Amino acid sequence: MRLVHRQNGTQSTLASDVETADSFLSQARGLMFRGSVPDDYALVFRFDDADRHSLHMVFVPFDIDALWLVGDEVTKKKRLSAWTGIGFGMADTIIELPAGAADGVEPGDLVELSE
């Protein structure tokens, strides 16, 4: 599975190592207690409905890029700082990536999982 970014008719791969947090425990844990993640890694959180969802960086010792999506459309992008970062946004999907991986992504762009 890959995470693909589509913008103005172009396509690029944001991550080829994609993990989904599909249980309550995996969503609660997120990236906590990991020393690092690979450059081509993404952690995807899916929710039943679009609503205001938050992320925190407690016990995450490295910066990340976070994307909030409704459908495949990016509604918000934010760099979250190690240990102290926090972010809120409207989403039915949230994606966590290594810091810098989402540098070319902007609100309104499309990001989708591809087999």
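What's counted below: heavy atoms across the whole structure, side chains too, no hydrogens, waters or symmetry copies. Counting from 1, the numbers follow the sequence of the chain as shown. Keep in mind that what you see is a predicted model, and the values were worked out from it rather than measured.
Remark: Q27 CD to T20 OG1 distance equals 9.5 Å, nearest 0.5 Å.
Pairing each heavy atom of D17 with each of P38, the nearest pair is OD2-CG, 3.9 Å. Considering every non-hydrogen atom in both G104 and D109, the closest pair reads O-OD2, 3.7 Å. Heavy atoms only, all atoms of each residue included: G100 and D65 are closest at N-OD2, 2.9 Å. Listed here is the closest heavy atom pair of L80 and A66: CD1-CB, 4.1 Å.
In the displayed structure, F47 atom CZ is contacted under 6.0 Å by more than 12 heavy atoms of other residues, nucleotides or ligands. No more than 12 heavy-atom neighbours from other residues, nucleotides or ligands sit within 6.0 angstrom of CZ on F24. In the displayed structure, D39 atom CG is contacted under 6.0 Å by at most 12 heavy atoms of other residues, nucleotides or ligands.
Counting only N and O atoms by type, the side chains of S16 and R2 include no donor and acceptor under 3.5 Å apart. Side-chain contact of S23 with S26: a donor-acceptor pair under 3.5 Å is present, judged by distance alone.
With a 4.5 Å cut-off on side-chain heavy atoms, E106 and K77 count as touching. Within the 4.5 Å cutoff, the side chain of D40 has no heavy atoms near those of the T13 side chain. By the 4.5 Å heavy-atom criterion applied to side chains, I86 and M57 are not counted as neighbours. Looking at heavy atoms from C-beta onward, L113 lies in side-chain contact with L3 at the 4.5 angstrom threshold. With contacts defined as side-chain heavy-atom distances shorter than 4.5 Å, the pair V37/E19 does not qualify. Within the 4.5 Å cutoff, the side chain of F59 has no heavy atoms near those of the R34 side chain. Using a 4.5 Å heavy-atom cutoff, the side chains of L14 and V111 are in contact.
Hydrophobic clustering (side-chain heavy atoms under 4.5 Å, transitive across Ile, Leu, Val, Met, Phe, Trp, Tyr) groups M32 together with F45. Cluster annotation: V74 and V18 are assigned to the same hydrophobic cluster (Ile/Leu/Val/Met/Phe/Trp/Tyr, side-chain heavy-atom contacts under 4.5 Å, transitive). Both I94 and Y41 are members of a single hydrophobic cluster when ILVMFWY side chains are connected at heavy-atom separations under 4.5 Å.
For the ring pair (Phe, Tyr, Trp, His ring centres under 6.0 Å) condition, no pair includes a residue of residues 60-93, sequence neighbours left out.
S12 meets the side-chain contact (heavy atoms from CB on, under 4.5 Å) test with H5; sequence neighbours excluded.
I95 pairs in a side-chain contact (heavy atoms from CB on, under 4.5 Å) with only one of the listed residues (I64, V44, L43), which is V44.
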